[in-house]
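This report concerns only the one structure given below.
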Amino acid sequence: MPSPLPPDIIERLGRLSIAARQAVESVLAGAHRSVRRGMSVEFAGHRPYQAGDDLRRLDWLVWARSDRLDVRQYEEETRLRATLVVDCSGSMGYGSGGGKLAYARQLAAALGFLMVRQADAVGLALCDATLRVHLPPASTMGHLLTIFDHLEAAQPGGTTGLGEVLGALAARLSRRGMVVLISDCFDDPAALLLALRSLRHRRQDVRVFQVVDPAEEGFPLRGMVDCLGLEGEPTLRVDGDRVRAWYLRAFAEHHRRLAEGCHALGVPLAVMRTDEDLALALARALAGAASGGRAAAPGVSAARPAVAGDGVAGHRRRAAAAPRTPPDVEAGR
Amino acid sequence: MIELLNPALAAGLLAAAAPLAIHIAHRRRARPVGWGAMRFLAELLTARRHRLALERWLLLALRTAALLTLALALCRPVLVLAAPPGAALTRSGAVAAVLIIDDSQSSGAGRDEPALAAVRRLAHAYLAGLREGDEISVLIRSSLGQPAADPLFDRAAAAALIDAVQPTAVASDMPALIEAGLAQFARHLNPSAELVLCSDGCRDGWDSDDRARWNDLRRRLGGGARGRPALIVLDPAPGASAANLAVASVRLDRGLVPAGRPVGIRVEVAHYGRAPVPKALLRLAVDGRVVGERTVAVGAGGRQEFAFTHTFPLPGSAVIEAALDGAHDVLPADDRRALAVEVERSVPVLLVEGTPPPPGDPLAGSLGLAAAALDPGGTGGDLFKVDRIAPADLAEHDLRGCRVVVLGDLPGLDRAGVAAIEAFIVAGGGVLVAPGPRTDLELANRHWARGGHGFLPAAFAELAVPDRPALPGSAALGHIAFVAFPARASEAWRDARVFRYVRLDPVQARSAEVQRLLTLDNGDALVVERRRGMGKVVLITTSLDRSWTDLPAQAAYVPLLRGLVSYLGSVVLPPRNLRPGERIVYCPGARPGTAALAGPDGGALPLTEDTWEGQRALLSEPLAIPGGYVLDERSGERRTRFAVAPVPAESRLEPLRDDDLRAALGDLVVHRYSTADHIAAATSGERPAVELWPWLVVACVALLLAETWWCRALARAERVVAG
């Protein structure tokens with residue numbers, strides 16, 4: 001079985017320029033900001049003195065002005081703890097050359113590699129309708145290789161149940177960190193967004209990478225077709241020419257709801273097409289997040305009604321018009 | 001009620017199943033494909049299941065309906081509504097009218113105007129009841145046999161055709177007219193077929209006694225590919241019984257006309273009708289020269305025969321014409337009748353005898369007495385020029401120079417001889433056959449009779465040797481062969497005895513083709529006749545010498561034999577006596593050059609070169625005027641006379657009764673009208689029928705446009721969504 005992270009990808013990720021690496025690191029570093037307030041270089045606010053507080057933290061200027069005893073609070077930089085959640089449901093098996101799951105493996109491996117390389121802890125969760133495998137985050141290379149082993153062994157199957165899985169995972173995440181969801185997101189948008197909201201409430205920084213196959217996006221089927229479900233759904237006989245328009249509209253509507261929901265939750269959503277180069281797509285996705293991807297869902301405005309062109313294809317066009325990918329990354333130099 | 005004018009195309013309705021079949025085949029060819037994004041397909045199919053099904057079935061319905069309407073339009077459906085009350089003639093849509101007009105001789109009868117004038121008025125009244133779009137064909141009796149024309153839509157043109165019809169001398173033939181009318185319907189397209197018989201009201205020509213012919217016509221009139229045509233008879237109401245004197249027949253008292261000898265000419269005058277006629281004068285003319293006159297006073301319904309005697313001085317062609325002068329009856333056309341005759345100097349007769357005469361005894365031999373009866377002087381100067389040969393010489397003898405061949409007591413004939421005799425008969429020659437002691441009956445049956453296909457009138461059954469001699473009994477005295485015998489002919493051969501004779505096969509002897517001329521007192525046939533081709537064969541069942549009978553010793557022998565031979569030799573070919581509508585045929589033989597033909601009025605008539613029975617011939621146009629015609633060869637060597645005489649039945653003028661129509665047409669519904677008012681009342685009704693095919697074609701086009709528009713709208717919507 002091929003390595004989840006091919007050598008050329010490793011090489012190209014390794015040759016990321018300083019600027020790109022800083023961009024990556026800054027994004028990743030942004031998640032590093034811990035909400036725990038302690039001894040750090042950045043002032044975060046006051047609270048009333050309680051018996052047992054460190055007297056060195058008393059703010060004498062506040063006592064001088066208001067005759068009140070308050071202590072200072074500071075933001076503390078902590079090491080990132082990320083969990084890569086990879087969807088291994090049956091629908092991830094669609095596509096040629098291993099399908100979307102193969103692409104998701106490479107993506108998860110790349111992210112894991114980047115995190116471990118900058119001494120962050122990374123964990124893994126493989127799921128379909130249930131949580132198959134859960135590796136808590138660790139920052140050692142051996143742990144990374146274990147993650148790679150699990151990724152290599154993962155096979156598509158079962159149904160999709162991201163909402164339940166993320167909900168169960170949230171209960172296991174005791175510490176603040178990052179959750180990176182790599183999935184085709186073919187689930188009920190409301191349930192998925194609810195689960196993402198739950199993660200956000202638990203102070204988890206969430207990233208969503210939606211893996212999309214171009215065929216699923218464009219619906220190239222013509223004539224009478226018996227569509228066999230990859231997750232055990234009943235076979236549907238459709239006239240491809242007749243239902244294409246409706247399918248595209250439903251697909252775009254699904255993506256619009258997902259994008260608007262993620263935008264409202266402050267969850268960056270990146271669409272990764274399986275026919276795109278992984279390194280370029282990853283660098284673009286990360287660069288887009290670093291330039292304010294949290295604030296705006298790519299290519300989607302909540303005030304404008306979703307139209308047929310607002311699907312993934314429309315996002316792709318706007319992403320192309322968005323802040324350009326660093327030239328070094330594009331050249332792979 | 002909806003009727004289909006082209007029911008044979010109803011099989012095309014099956015084409016409407018094509019869209020459904022294509023739809024089913026298309027759906028069965030669905031290929032399986034694994035698909036990950038099933039939730040989107042499931043959602044849209046759930047949400048749009050009904051709409052997709054509706055679109056699918058609606059498109060299918062549109063396509064099926066388009067094909068269905070087109071196939072139905074090709075079947076030409078007609079919506080037949082209830083006929084308005086009181087309508088006599090029901091018309092289901094546009095009319096296909098075939099008018100057949102009888103312009104026979106009887107249509108010229110009439111005191112003030114010919115009956116055909118009234119027939120024309122009735123036909124015009126019928127035309128007035130037609131509308132634009134109705135098809136009209138006009139067939140005329142005297143023009144039957146000419147190429148048919150396509151129907152007319154122009155009523156004025158049809159009226160002009162009717163106005164041009166004039167009485168002719170042809171004989172009426174309603175069955176032939178109806179057959180031609182039924183055949184003409186094949187050129188029509190309109191749904192409401194009407195066969196209109198425009199008759200002069202006379203029953204002649206209907207031949208209602210010909211059951212077989214009318215049975216076939218009734219079956220065809222009862223329904224065909226175009227359904228049952230309406231039968232309409234237009235004939236003027238019969239007037240008061242009118243008187244009509246007519247020359248019914250002109251005949252001779254013998255078969256052959258000798259030159260230089262008196263010949264008896266008998267003219268029969270008939271008085272048809274009940275009204276009296278004034279006395280008239282009957283004139284007899286030969287080659288235009290009056291040779292006799294008689295005063296005619298025939299009572300109503302009676303007949304009278306007038307006898308004339310004339311001697312033709314020279315051999316050649318002549319015309320005898322009998323004409324009534326001063327009859328003043330309703331049909332002048334039948335007041336004269338012509339008869340063409342060939343005056344003979346001598347008739348070559350070949351005697352083929354089984355036992356030739358010994359030298360110096362001409363009366364001996366199988367046919368010695370017969371030769372003496374025909375040529376008593378033995379010099380050939382009589383009417384008959386006799387040659388006697390043996391059977392072995394027959395094959396080498398040129399029979400074209402003979403008019404009659406007598407076969408007496410032949411043991412047999414070789415194959416070439418039989419073939420020569422049969423060819424001679426078919427070409428118009430006459431053969432007299434008499435068996436004898438040397439005749440092999442079995443051989444004769446095998447080669448001469450051949451089961452009825454040979455020249456013998458009937459096969460020989462057995463040699464009869466009655467215990468007591470048979471006597472000649474009844475005879476067909478009206479036969480021209482017996483013209484020399486008086487009414488009491490039984491006395492003429494009372495003393496004749498037949499000791500031996502050949503009994504004929506009873507089945508063949510009773511055949512309709514075989515006519516008995518003379519019968520023995522025991523009921524067996526003594527003399528029979530049968531026609532073959534253009535010739536005739538007479539069979540005498542006993543010998544012509546005294547070996548089997550003593551008839552040659554009786555006084556009746558000579559007139560009997562001469563009468564039979566005259567009858568057999570009287571065939572003149574090509575025929576000189578014709579019916580109206582027939583053509584003159586003249587064979588100049590080896591003589592070169594052309595000829596000129598003059599009609600009864602002296603006017604020149606055209607001749608065309610053609611062939612007749614393999615010979616070069618000159619043919620005239622179909623002749624319509626009765627009377628004598630003269631054909632002169634340009635070289636002046638020969639003058640030939642012809643006669644055209646009408647059918648005597650046309651003179652009867654008996655009105656057509658309803659019983660006659662029922663006898664002919666059976667239970668078929670016949671609309672009979674005698675006045676223009678009746679016709680107008682019957683044909684002025686509404687036509688409660690509508691042809692639906694135009695609407696179906698429009699519907700088909702509309703369905704196809706709707707299907708095209710919808711498919712384009714769906715494609716446009718898909719492009720908008722995809723774009």
Side-chain angles (χ1 to χ4, degrees), chain A residues 87 89-96 99-101 156 159-160 184-189 211-213 215-255 307-309 311 313, chain B residues 17-66 703-704 706-723:
Chain A
D87 181 6
S89 63
S91 61
M92 291 296 289
Y94 180 82
S96 60
K100 291 180 288 187
L101 184 57
T159 59
T160 302
D184 53 15
C185 301
F186 287 166
D187 199 358
D188 178 25
V211 180
V212 172
D213 189 278
E216 290 176 330
E217 187 180 18
F219 198 79
L221 303 179
R222 293 199 175 273
M224 294 304 297
V225 180
D226 280 336
C227 293
L228 311 176
L230 299 180
E231 295 185 6
E233 302 98 325
T235 301
L236 296 177
R237 175 168 290 184
V238 297
D239 184 346
D241 298 300
R242 188 66 197 93
V243 304
R244 177 174 304 106
W246 292 328
Y247 173 89
L248 294 179
R249 185 177 297 175
F251 194 92
E253 175 63 17
H254 174 85
H255 178 76
V307 293
Chain B
L20 182 62
I22 294 171
H23 172 76
I24 293 173
H26 183 58
R27 289 184 71 83
R28 283 187 179 176
R29 286 190 284 111
R31 66 184 187 283
V33 172
W35 191 251
M38 291 294 285
R39 62 175 295 111
F40 305 111
L41 290 178
E43 284 174 4
L44 70 90
L45 288 180
T46 301
R48 294 175 174 81
R49 179 176 66 247
H50 297 298
R51 176 176 172 177
L52 283 172
L54 182 64
E55 287 178 356
R56 182 171 61 245
W57 290 112
L58 212 51
L59 271 178
L60 192 61
L62 279 177
R63 291 161 182 162
T64 303
L703 288 168
L704 289 174
E707 193 264 356
T708 303
W709 171 82
W710 195 351
C711 288
R712 286 192 176 180
L714 291 176
R716 205 163 35 240
E718 289 176 9
R719 283 198 297 272
V720 167
V721 171

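Letters A, B, ... mirror the listed sequences (proteins, then strands); counts begin at 1. Basis for what follows: all heavy atoms, side chains included, without hydrogens, waters or symmetry-related copies. Please read these numbers as outputs of a predicted model, since none were measured by experiment.
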Could you please spell out the steps behind the side-chain contact (heavy atoms from CB on, under 4.5 Å) verdict for A/Tyr247 and A/Val238? CA-CA 11 Å; A/Tyr247 173 89; A/Val238 297; over 6 Å; no
Is it the side chain or the backbone of [X] that comes within 4.5 Å of chain A heavy atoms, both, or neither?
| X | result |
| --- | --- |
| B/Ala42 | both |
| B/Leu41 | both |
| B/Arg56 | neither |

Using 0.5 Å steps for rounding, measure from the CE atom of A/Met92 to the OG1 atom of A/Thr160. 9.0 Å
Find the one option among A/Gly95, A/Ser91, A/Gly223 whose heavy-atom pairs under 4.5 Å with chain B are most numerous. A/Ser91
Based on non-hydrogen pairs under 4.5 Å, which of A/Asp187, A/Asp184, A/Asp188 is most in contact with chain B?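 Most pairs with chain B among the choices: A/Asp187.
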Side-chain contact test, heavy atoms from C-beta onward, threshold under 4.5 Å: evaluate it for A/Leu221 versus A/Cys227 and give yes or no. yes
Any heavy-atom pair between the side chains of A/His254 and B/Glu43 that's under 4.5 Å? no
Can you check side-chain contact (heavy atoms from CB on, under 4.5 Å) on A/Val225 and A/Arg237, steps first, answer last? CA-CA 6 Å; A/Val225 180; A/Arg237 175 168 290 184; over 6 Å; no
Which of parallel (below 30°), tilted (30 to 60°) and perpendicular (above 60°) describes B/Trp57 and B/His23? tilted
Below 4.5 Å from any heavy atom of chain B, which atoms of A/Glu231 appear? Answer side chain, backbone, both or neither.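 Contact with chain B involves no heavy atom of A/Glu231 at all.
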Is A/Pro156 close to chain B through its backbone or its side chain, or both, or neither, when contacts mean heavy atoms under 4.5 Å?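 Neither part.
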